[in-house]
Engineer: 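Have a look at the structure that comes next, please.
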Protein chains: 2
Amino acid sequence: MPQTAPTRTAQSCPQCPIRHSAVCSLCGPSELAELDAIKTYQTFQAGDVIAWAGEPQTIVGSVVSGVATLSRTLADGRRQMVGLLLPSDFIGRSRTQVAPYDVTAATEVTLCTFRKRAFDEMLDRTMHIERRLLQMTLDELDAAREWMLLLGRKTAREKIASLLVIVARRDAALHRREVGNGVSFRLPLTREAMADYLGLTIETVSRQISALRKAGVVEMHGTRDVTIPDFGRLLDESGDDADGGIVS
Amino acid sequence: MPQTAPTRTAQSCPQCPIRHSAVCSLCGPSELAELDAIKTYQTFQAGDVIAWAGEPQTIVGSVVSGVATLSRTLADGRRQMVGLLLPSDFIGRSRTQVAPYDVTAATEVTLCTFRKRAFDEMLDRTMHIERRLLQMTLDELDAAREWMLLLGRKTAREKIASLLVIVARRDAALHRREVGNGVSFRLPLTREAMADYLGLTIETVSRQISALRKAGVVEMHGTRDVTIPDFGRLLDESGDDADGGIVS
DNA sequence: CGTTCTCTTGACTCATCTCAAATCTGGTGG
DNA sequence: CCACCAGATTTGAGATGAGTCAAGAGAACG
């Protein structure tokens, strides 16, 4: 694994793309200035490991752009992704030393990182960061539980369809569009990453994508670009409650 | 489902069994008095539904004794447990209206519930409750992710062994003992609840327990009481990193 | 244009599920 | 105290979805 050193750059908070959804989103101007003083931007290449499970925690900060993954590995090499980190998501734990997960860049990833000590001290002084961190952690917990339902009870085909729904929705949200018939997007994950995400093997992922393609549920252009001609059809395939169930 | 009305009782905070681990554990005497004023104890019978997914949220509070479960159900009835609520765990979400999960009493459960409005106001005024809630939510997130690894990558036999390890550890912690060879405990879950927890069918749960019994890994006395003659052996069967990996 | 990696497809195996029946357990009323 | 019942659990036999192993087809890259 060719671990390249992260690139460091600078950028100011007010025009930050994640200003209104990241851990700093409840902060006022003075708190923002404090954060500004302790932050550094770092960019990682796709495939780079940002943090190893069990190693002392060196990084806390937000994903500014790109996709990173959290994963755990069993002694014999079986691997399960347990989190997907998208722009504005927070990496690392305040007030603890070791992360129990591998953090890996799935695409090129830029992070806004904070000096850990200074960040922890700010947490103690202000309640805005901590409050936002709680909201975000609760959202992560909901996502993790939705994911548990997928892992425990869905078929391979439903898992693939569910993943496509998630990526389509996120992509639409990022571009401030509605998901609808004919949406196109690029998969930010390799087949292997998809398999790790869904608790499947690469071969099964590949077969189920082919099956959905043959059934006309998705159209593939090359191996990463997807078009969904009928989004409702994809939703049906995902196995989720058809009538929306809990609208979120 | 014979839904009995919960029993209401009273108890004072200082001698509360979960005083030092619940959401109130960082609170000082004055905050504790405030909480005391807005709390009510409620007891539910095994099998009672404490909250339905999608219904307006009526309860926020802590589990004082007993075991409750969080679960989600797919349109066609497939069911996955997504959380196990033990004494001191917090039920409900502040500042939101609907819970996305069914909350069910697995055993007789006593809750220390708070008036929602008053509780939310307290959250805004003090930081101790919110801080503790963040710690607890992070712990829940870690547990959820560990669980995802189990659901996505472990075999049925490993899943059963893992569950037994978890229950044995929790039971030992509750009685302030070490887990060791010869530990005994009672399973707080039916076979069906175990199946929902592990993403299996009850038949597979039953078969794997029988297999572990025949292999001498566990001894069963009746259907709920378990003895583990060799805890290390059970750990091996759980598939987790043998050398402890991340010691937590 | 090879080389190398990723992805797809095929053939076969096996773990887990499904359907069905037998057995056990705890509770109830006689 | 015992017989009986309903629900929970165990066990069996067969079906099947996903994994494994192996090979071939595409893409990406120098």
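No experiment lies behind these values; they were computed from the predicted model shown. Below, chains carry the letters A, B, ... as their sequence lines are ordered, and counting in each starts from 1.
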Engineer: Look at B:Arg191 and D:dT10 and indicate whether a side-chain polar atom (N or O) is within less than 4.0 Å of OP1 or OP2.
Structural biologist: yes
Engineer: Looking only at N and O atoms, is any donor in the side chain of A:Glu203 or the base of C:dC7 less than 3.5 Å from an acceptor on the other one?
Structural biologist: no
Engineer: Quick one: B:Met220 CE to D:dT11 C1', roughly how many Å, whole number?
Structural biologist: 16 Å
Engineer: Over how many whole Å does the gap from A:Glu158 atom CD to D:dG17 atom C1' extend?
Structural biologist: 12 Å
Engineer: Keeping the roles fixed (side chain from A:Arg191, backbone from A:Thr223), state whether a donor-acceptor pair exists under 3.5 Å.
Structural biologist: yes
Engineer: For the base of D:dG17, is there a side-chain donor-acceptor partner from A:Arg207 under 3.5 Å away?
Structural biologist: no
Engineer: On DNA chain C, check which nucleotide each of A:Lys214 and A:Arg153 is closest to and give me the residue with the more 5' one.
Structural biologist: A:Lys214
Engineer: Please state how far atom CG in A:Asp196 lies from atom C1' in C:dC7, giving the value in whole angstrom units.
Structural biologist: 15 Å
Engineer: From CG of B:Leu189 over to P of D:dA8, roughly how many Å is that when rounded to an integer?
Structural biologist: 14 Å
Engineer: Looking at B:Thr190, does any N or O in its side chain come under 4.0 Å of the phosphate oxygens OP1/OP2 on D:dA8?
Structural biologist: no
Engineer: Once you round it to whole Å, what is the distance between C1' of D:dG26 and CZ of A:Arg224?
Structural biologist: 14 Å
Engineer: Would you tell me if any nitrogen or oxygen in the side chain of A:Thr204 comes within less than 4.0 Å of OP1 or OP2 on D:dA18?
Structural biologist: no
Engineer: Expressed in angstrom and rounded to an integer, what is the separation of A:Ile160 atom CD1 from C:dT8 atom P?
Structural biologist: 10 Å
Engineer: I need the B:Ile18 CD1 to B:Leu86 CG distance, nearest 0.5 Å.
Structural biologist: 11.5 Å
Engineer: Using a heavy-atom cut-off of under 4.0 Å over every strand shown, decide if A:Ser206 touches base, sugar-phosphate, or nothing.
Structural biologist: base
Engineer: Can we say B:Arg213 and B:Glu219 salt-bridge, meaning some charged N sits less than 4.0 Å from an Asp/Glu carboxylate O?
Structural biologist: no
Engineer: Measure from CZ on B:Arg78 to P on D:dG17 and round the result to the nearest Å.
Structural biologist: 12 Å
Engineer: Where the side chain of A:Ile202 is concerned, which of D:dG19, C:dT16, C:dT8 is the nearest nucleotide?
Structural biologist: C:dT8
Engineer: When you check the gap from the basic side-chain N to the acidic O, do B:Asp142 and A:Arg93 get nearer than 4.0 Å?
Structural biologist: yes
Engineer: Does C:dT9 have OP1 or OP2 sitting under 4.0 Å from an N or O in the side chain of A:Ser210?
Structural biologist: yes
Engineer: OP1 or OP2 of D:dG19 less than 4.0 angstrom from a side-chain nitrogen or oxygen of A:Thr201, does that happen here?
Structural biologist: yes
Engineer: Within this structure, what is the CD-to-C1' distance between B:Gln208 and D:dT9, rounded to whole angstrom?
Structural biologist: 15 Å
Engineer: Base, sugar-phosphate, or nothing for B:Leu200, non-hydrogen atoms under 4.0 angstrom?
Structural biologist: sugar-phosphate
Engineer: Thinking salt bridges, do A:Arg153 and A:Glu158 make one under a 4.0 Å N-O criterion?
Structural biologist: no
